[in-house]
Amino acid sequence: MKFQAVRGFKDWLPEDFFKYHHLMEIARNYLIRANFKEVKIPLLEKTELFMRTIGEVTDIVQKETYTFQDRNQDFLTLRPEATAGICRMILEHGLHVKPKPLKFFFIGPMFRHERPQKGRLREFYQIDVEFLGNLTPYYEVELLQIALEILKKPSNREDLFTLEINSLGCRECRPAFRDYLQVSLESERESLCDTCKDRLYRNPLRVLDCKQEGCKEVVKRLKPISDFWCGSCRGHFNILTGLLRALDRDFVFNPFLVRGLDYYVRTIFEIKGKGLGAQDTVCAGGRYDYLLKDLGGPDLPATGFAIGLERWALSLWGEECPEFLRKKLRPDLLFIPLGEEAKKEGLKVVSELRNQGLRVESLFEDKGLKALLREADKLGAKQVLILGEEELKEGVILIKDMQEGTQQRIKMDKLIGRLKKEQRVEDLSC
RNA sequence: GAGGCCGUAGCUCAAUGGUAGAGCACCGGGCUGUGGCCCCGGGUGUUGCGGGUUCGAGCCCCGUCGGCCUCCCCA
């Protein structure tokens, strides 16, 4: 084969499409019910936007973006996440003056140049949800509930997902923790891995997230970030977790949870899926209270999360396409004409049936009825319409139920009424 | 970006360094007015690609591309 898809980029075959579309629709419907508004942002932004928001020294910006110069020599970057673009959109269109809270969601592909493995692609879809406004813990818990409800909806199983939560503190209290980290890590510098030695100066919080044994040992002896929370952050977090408990929502307080994007402050969280291997974060998010202001906008607290579509599907069904979705690949009706006249008439019939909302496949083949029925069987058609010379003459058509094996002849002009009554054409989209 | 394992037909997988195979799928026929079953026939292939070693390479070596796993990072 001469050409193959670019590494880490995947085709969606029909089974995949049904799978992903099904999940996107579940998320979309749920978010609309919570009165979030769907938006679309461009695939590309000026590179500068991502450097300013995600952070210049983050891994994402330093080594994972698809960045290039266009014909005007402008530096452009394929979006590695959606929050930056949404904030830009809000400010560019002055949406921040509209009544609060602002609630948006966006579904689309993101791009990161990482080494592909299970659950990690270079082009992957995110369901991105953003909430901007006067952020009380109630709103935050509401948002967490939305994430959890969406994730469990397709399977109705909550046990597939676990919520981990932490607070990074605000701009008042985080510097103290950062200083403490730097000082105490400095004294144990020799036990740290090379990347962490580097992180010590550039982004010490990330050492907390390191998986190297040596670093983990050091981290274990540190005081948790919660010791440094200011009164306001502490109070906020306690109310939030209290609400979760009152709602019987399971969660794990993980004081070592950090995020890879610099704009996060205060509450952050990850939802991990089962059976996913190393890449098990299905959903992640948190607050970015200062982001809008840093971009020259108003002081507007905000929070959001993103669900990784492919990972979500993996956690639910593995690589498989579940039977209930596979079924939807099959046509309800298959039209089989016999002879040239029947084919001509058939063009009218199938068109009319489709206009009435029925899902119809046609087989304009020069084969015998036996062969055509065999095709019908392979296609999994529920019912077959047979139109031959005899039927044409009499103005009738045959309806054969493939499962029952029964067959009826019916007047052409009564066909549509009859089918509409019988067939409950549900959601044809997916 | 680093390390390990892997790459044979559309799919799942065989083949001691000695003529590339099986099952499923697919195509044609038995079968031009009634499917599922059955029977017959067909291998559909640049063994990922490019070099090298060898009388001879799917097998050994090097490179490369791709996949999986781990690190890293995150959705």
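Since we're looking at a predicted model, the values are computed, not measured.
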Touch check for R259(A), heavy atoms < 4.0 angstrom, all strands: base, sugar-phosphate only, or nothing?
sugar-phosphate
Taking any heavy-atom pair under 4.0 Å as a contact, classify A376(A): base, sugar-phosphate, or nothing.
nothing
Enumerate the ring-ring contact (aromatic ring centres under 6.0 Å, His included) contacts for residues 258-280 of chain A, please, sequence neighbours excluded, ordered by first and then second residue.
Y263(A)-Y288(A)
Pairs touching residues 374-395 of chain A that satisfy ring-ring contact (aromatic ring centres under 6.0 Å, His included), sequence neighbours left out:
none
Taking only residues two or more places apart in sequence, or in another chain, which ones meet [X] in a side-chain contact (heavy atoms from CB on, under 4.5 Å)?
X: Y180(A); answer: F177(A), S184(A), L222(A), K223(A), F228(A)
X: D289(A); answer: L135(A), V265(A), R266(A), R287(A), P301(A)
X: E15(A); answer: L13(A), C321(A), R326(A), L329(A)
X: E345(A); answer: K348(A), V349(A), L387(A), L392(A), M412(A)

Let me know the distance between [atom1] of [X] and [atom2] of [N], rounded to the nearest Å.
X: H113(A); N: C72(B); atom1: NE2; atom2: P; result: 19 Å
X: Q279(A); N: C69(B); atom1: CD; atom2: P; result: 9 Å
X: D280(A); N: C69(B); atom1: CG; atom2: P; result: 12 Å
X: R115(A); N: C65(B); atom1: CZ; atom2: C1'; result: 12 Å
X: K274(A); N: A75(B); atom1: NZ; atom2: C1'; result: 19 Å

Contact letters for nucleotides 28-35 of chain B, in which S counts primed atoms plus P, OP1 and OP2 and B counts the base, heavy atoms under 4.0 Å
--BBSBBB
Quick check: are there more than 12 heavy atoms from other residues, nucleotides or ligands sitting under 6.0 Å from CD of Q69(A)?
yes
Any chance CZ of F364(A) has more than 12 other-residue heavy atoms, nucleotides or ligands included, within less than 6.0 Å?
yes
What pattern of brackets, bars and dots sums up RNA chain B from 5' to 3', given Watson-Crick or G-U wobble pairs under 3.5 Å, [ ] for crossing pairs and | for another strand?
(((((((..((((....[..))))((((((.......))))).)...(((((..]....))))))))))))....
Rounded to the nearest 0.5 Å, what separates atom [atom1] in [X] from atom [atom2] in [Y]?
X: I107(A); Y: L31(A); atom1: CD1; atom2: CG; value: 7.0 Å
X: R409(A); Y: L398(A); atom1: CZ; atom2: CG; value: 6.0 Å
X: I127(A); Y: I150(A); atom1: CD1; atom2: CD1; value: 7.0 Å

Residue set satisfying ring pair (Phe, Tyr, Trp, His ring centres under 6.0 Å) with F305(A), at least two apart, ordered chain then number -> none
Contacts of Y139(A) that satisfy ring pair (Phe, Tyr, Trp, His ring centres under 6.0 Å) - sequence neighbours left out
F131(A)
Heavy-atom contacts under 4.0 Å between residues 303-323 of chain A and RNA chain B, which residues?
A306(A), G308(A), R311(A)
Counting only heavy atoms and a strict 4.0 angstrom limit, can you tell me which residues of residues 116-132 of chain A come near RNA chain B?
Q117(A), K118(A), G119(A), R120(A), L121(A), F124(A), Q126(A)
Could you check E270(A) against G8(A) and say which one's nearest nucleotide on RNA chain B is further toward the 5' end?
G8(A)
C1'-based separation of A20(B) from A14(B) [nearest Å]
10 Å
Which value, in whole Å, describes the distance between the C1' atoms of nucleotides G10(B) and C5(B)?
25 Å
Is the W12(A)-Y125(A) ring centre distance short of 6.0 angstrom?
yes
Do the side-chain N or O atoms of R7(A) get closer than 4.0 angstrom to the phosphate oxygens (OP1, OP2) of C65(B)?
no
Establish, with yes or no, whether the OP1 or OP2 oxygen of C74(B) is under 4.0 angstrom from a side-chain nitrogen or oxygen of R112(A).
no
